[in-house]
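Working notes, structure below.
Every heavy atom of this structure was used, including side-chain atoms; hydrogens, water molecules and symmetry mates were not. Each chain gets a letter, A, B and so on, in the order its sequence line appears, and its residues count up from 1. In this text the structure is predicted, and so the values were computed from the model without any measurement.
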Number of protein chains: 2
Amino acid sequence: MTRSEENYLKAIFHLGGGDSKSITTNAIAEQMETKPSSVTDMAKKLSEKGLVDYVRYQGVSLTEAGVQTALSIIRKHRLWEVFLVKKLDFTWDEVHEVAEQLEHIKSEKLIDKIDELLDFPKYDPHGDPIPTKDGKFQERDEKLLSEMPINSKGVCVGVKDSSVPFLKFLDKNNIALGNTIQILDKEDFDNSLRIRMEGNEMRISHQIASNLFVKKNS
Amino acid sequence: MTRSEENYLKAIFHLGGGDSKSITTNAIAEQMETKPSSVTDMAKKLSEKGLVDYVRYQGVSLTEAGVQTALSIIRKHRLWEVFLVKKLDFTWDEVHEVAEQLEHIKSEKLIDKIDELLDFPKYDPHGDPIPTKDGKFQERDEKLLSEMPINSKGVCVGVKDSSVPFLKFLDKNNIALGNTIQILDKEDFDNSLRIRMEGNEMRISHQIASNLFVKKNS
DNA sequence: CATTTAATTTAGACAAAACGAAAAATAAAT
DNA sequence: ATTTATTTTTCGTTTTGTCTAAATTAAATG
């Protein structure tokens, strides 16, 4: 497995290619900030290796082997992110770039020991679930904050957009994973929300609310 | 800096190219398990970049910039080795291979935080000194065990050969860094030694003794 | 000092990964 | 059904790092 191959598998997975859905070369090229012609080349190569199903002009999807490989890389990425935050005091907007490098380190023992050191975390700093060693994915019962009904309560469990600017915005406004949020009111005009979070009332734009995952209190 | 360039600089340094001594392409090729012609190509490239001085048919030596770069890679390698042993319970014969990968991760903050997490260690698990952030090398006052006089005492501080078989041999015979060793006798015939280590008397071949660094008790 | 031997470099070729231009196939529109 | 537009692929080229084989230089030997 080369680094490049691993990055392609990861990108295809993130675009939904794990559910035997066909992903277009264009979509992959955009996700990876490369050119469609390069994607075609790699599609053939990965197809040769039995990691993707590729039909010309139809796009690619991951085979079972491809899914497992993608999950193992995502597992490493997210475990390293937890490590950086919990053990080295990185902030959640700093971890992605470094984890992009660390995810390619080849040593099964290393990642298992990191997992153990962190006490087998289930979620990464952005609230994304960490696949288990045998490639199982923990799905969560979560909704976007923007889709919660008025007066409902929930706990903030993840972000959809994990870009640096968004994460910094959340920090600045003291919005953190684990916070309890109650929807007080919705403004029809611009879809903004009035919420109570950890005691304080505040107003939140639709843009923000549609990028925050919340777990409904049952 | 590509991974390959970094590996060449490291190899040249380990062969003594840091002391403005010229290292032959053959020696570098052997150290890196590659071909002399490849070394020539890279020598030109590194020379272009001002990291080595290269004269055709004369070999290469590191420039000041080259030394600093080599030291920063060696620093990362050794810090990661300490991390693997101290935090993840790797044995000292397992760490090299993984550290060879980790040393190429590009993040100044990462390695500084690892350094801090480990409480700024001065030596790696094999007793090799860890360069400081500003590229200073801590030289040690040490001798090979084979060069110590009869009846002298010392503390085992490092290994010269850090190959897996040698390290496993040391483990099996309970020879560890930090142990106190006293030379009881030298056998002229085969240069083997009789020593007392942590209370026990034992016999050690010249081959072993000439790969163990000892710090003389003053 | 001439000649052999060993080390080193050059030249040409290859593989991986990427790109751009142009051709081919598909999808959309009329 | 045919034209038009878009997407995707093909093909030739580039870069990085490597190799083999041939040529060159330096060293060693008589």
Side-chain angles (χ1 to χ4, degrees), chain A residues 1-17 20-62 66 69-70 73 100-101 103-106, chain B residues 1-17 20-62 66 69-70 73 100-101 103-106:
Chain A
M1 275 276 95
T2 68
R3 185 161 306 221
S4 188
E5 286 170 347
E6 293 185 347
N7 285 332
Y8 273 96
L9 292 178
K10 201 173 42 135
I12 296 166
F13 184 92
H14 281 135
L15 290 166
S20 63
K21 188 170 68 174
S22 246
I23 311 298
T24 67
T25 47
N26 245 4
I28 300 168
E30 190 170 346
Q31 167 93 6
M32 299 191 61
E33 299 186 348
T34 179
K35 304 295 166 189
S37 56
S38 309
V39 178
T40 302
D41 290 341
M42 186 55 86
K44 288 178 187 168
K45 193 177 169 194
L46 292 175
S47 175
E48 287 290 318
K49 294 199 174 190
L51 294 166
V52 304
D53 292 318
Y54 167 57
V55 191
R56 284 170 58 212
Y57 295 102
Q58 301 296 124
V60 299
S61 61
L62 296 174
T69 309
I73 300 156
E100 286 282 298
Q101 300 180 60
E103 72 188 1
H104 298 293
I105 301 289
K106 281 165 184 57
Chain B
M1 277 274 97
T2 68
R3 184 159 309 221
S4 188
E5 287 169 347
E6 292 185 347
N7 285 331
Y8 274 96
L9 292 178
K10 199 173 43 136
I12 296 167
F13 185 90
H14 281 134
L15 290 166
S20 64
K21 187 170 68 174
S22 246
I23 311 297
T24 67
T25 48
N26 245 6
I28 299 168
E30 189 170 348
Q31 167 94 5
M32 299 191 63
E33 299 186 345
T34 181
K35 304 294 167 192
S37 57
S38 308
V39 178
T40 301
D41 289 343
M42 186 56 85
K44 288 177 186 166
K45 194 177 168 194
L46 292 174
S47 176
E48 287 291 317
K49 294 199 174 191
L51 295 166
V52 305
D53 292 319
Y54 168 57
V55 190
R56 283 171 45 191
Y57 296 100
Q58 302 294 126
V60 299
S61 61
L62 296 174
T69 308
I73 300 156
E100 286 283 295
Q101 299 180 60
E103 72 188 4
H104 298 292
I105 300 291
K106 281 165 184 55

- Heavy atoms, side chains only, cut-off 4.5 Å: are A:Y8 and A:V39 in contact? yes

- Residue-phosphate contact under 4.0 Å: A:R56 side-chain N/O, D:dT10 OP1/OP2: yes

- Note on the structure: Out of C:dA18, D:dT10, D:dT7, minimum distance to the side chain of A:T34 belongs to C:dA18

- Item | Closest to side chain of B:D41, choosing from D:dT18, C:dT8, D:dT9 | D:dT18

- Query: With a 4.0 Å cut-off, would you call B:E30 and B:K35 a salt bridge?
  - Reply: no

- Considering only heavy side-chain atoms of A:S38, the closest of D:dT18, C:dT26, C:dC19 is C:dC19

- Task: State, with a plain yes or no, whether a side-chain heavy atom of A:L9 is found less than 4.5 Å away from one of A:M1.
- Result: yes

- Between C:dT8 and B:T40, is there an OP1 or OP2 to side-chain N/O distance shorter than 4.0 Å? no

- Identify which nucleotide among D:dT18, C:dT9, D:dT9 has an atom closest to any side-chain atom of B:M42, counting heavy atoms from C-beta outward. D:dT18

- Message: Is the phosphate of C:dT9 approached by B:Y54 (side-chain N or O, under 4.0 Å from OP1 or OP2)?
- Response: yes

- N or O in side chain of A:Y57 less than 4.0 angstrom from D:dT6 OP1/OP2: no

- Integer-rounded Å distance: D:dT18 P and B:K44 NZ: 15 Å

- Protein-nucleotide distance (A:K49, atom NZ; C:dA16, atom C1'), rounded to Å: 11 Å

- By nearest nucleotide on DNA chain C, pick out whichever of A:S4 and B:T24 is the more 5' one. B:T24

- Task: When you get a sec, tell me which of C:dA24, D:dT16, C:dA18 is the closest nucleotide to the side chain of B:T2?
- Result: D:dT16

- Message: For D:dT6 and A:N26 - does any side-chain N or O of the residue sit under 4.0 Å from the phosphate oxygens OP1/OP2?
- Response: no

- Query: Using a cut-off of less than 4.0 Å, is there contact between a side-chain N or O of B:Y8 and OP1 or OP2 of D:dT18?
  - Reply: yes

- Message: Do the side chains of A:E100 and A:K10 get close enough for a salt bridge, i.e. N-O under 4.0 angstrom?
- Response: yes

- Message: Measure CZ/A:R3 against P/D:dT16 and give the value in whole Å, please.
- Response: 17 Å

- Query: Of the nucleotides D:dT10, D:dC19, C:dT9, which has the atom closest to the B:K35 side chain?
  - Reply: D:dC19

- Message: Side chain of B:S37 only, heavy atoms from C-beta on: which candidate in C:dT9, D:dT7, D:dT20 is closest?
- Response: D:dT20

- Does B:R3 come within less than 4.0 Å of B:E103, counting only side-chain N to carboxylate O? no

- Message: In this structure, how many angstroms lie between the C1' atom of C:dT8 and the CD atom of B:Q58, rounded?
- Response: 11 Å

